[in-house]
Amino acid sequence: VRIAFERGEVVGVDRAPGVEDPAAVQGGGVAPDWFPALVLGRWGATALAERVDDVLLGRHRELMEVFFPRRPADVAGDF
């Protein structure tokens, strides 16, 4: 996904093509198989990036932690 900002506010969230090496452009990236752990996981973005080499937060490390904080409880649903 691509998150667009203007004057410090989120103004859009869109699909974005995959990037083979986001570190080359100082970007962040998460391998598709680790995306659920980022969104629903118990570690948060920063801790996940420390544990998994397929998670790169790049220059937006702090912002990624705001969007994807630590979630200490399991997500429950009525299936």
Side-chain angles (χ1 to χ4, degrees):
V1 296
R2 179 179 298 129
I3 302 171
F5 295 92
E6 286 183 14
R7 294 182 291 278
E9 294 184 17
V10 175
V11 295
V13 178
D14 301 306
R15 286 175 49 167
V19 177
E20 186 66 32
D21 185 11
V25 293
Q26 297 179 338
V30 179
D33 52 339
W34 284 104
F35 189 73
L38 176 68
V39 175
L40 302 173
R42 64 181 185 253
W43 295 309
T46 302
L48 185 63
E50 291 170 358
R51 287 174 168 80
V52 179
D53 63 349
D54 281 347
V55 176
L56 303 170
L57 302 181
R59 66 180 182 256
H60 301 296
R61 176 179 287 285
E62 292 84 12
L63 184 59
M64 291 290 284
E65 188 63 30
V66 170
F67 281 131
F68 304 106
R70 181 175 184 270
R71 300 194 180 277
D74 291 337
V75 175
D78 185 12
F79 297 102

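- Follow the hydrophobic side-chain contacts under 4.5 Å out from V13 and you reach M64 in the same cluster.
- Atom CZ of F35 sits about 11.5 Å away from atom CG of L48, to the nearest 0.5 Å.
- Remark: R70 CZ to R42 CZ distance equals 9.0 Å, nearest 0.5 Å.
- Closest of all the heavy-atom pairs between R15 and R2 is O-NH1, 4.2 Å.
- The two residues E65 and G44 have their closest heavy-atom pair at OE1-C, 3.8 Å.
- Using a 4.5 Å cut-off on side-chain heavy atoms (C-beta onward), L40 and R71 make no contact.
- Taking hydrophobic clusters as Ile, Leu, Val, Met, Phe, Trp and Tyr residues chained together by side-chain heavy-atom distances below 4.5 Å, F67 shares a cluster with V55.
- L57 places none of its side-chain heavy atoms less than 4.5 Å from the side chain of F68.
- Between V10 and F5, some side-chain heavy-atom pair lies under the 4.5 Å cut-off.
- In terms of hydrophobic clustering, with Ile, Leu, Val, Met, Phe, Trp and Tyr side chains grouped at heavy-atom distances under 4.5 Å, V11 and L63 are assigned to different clusters.
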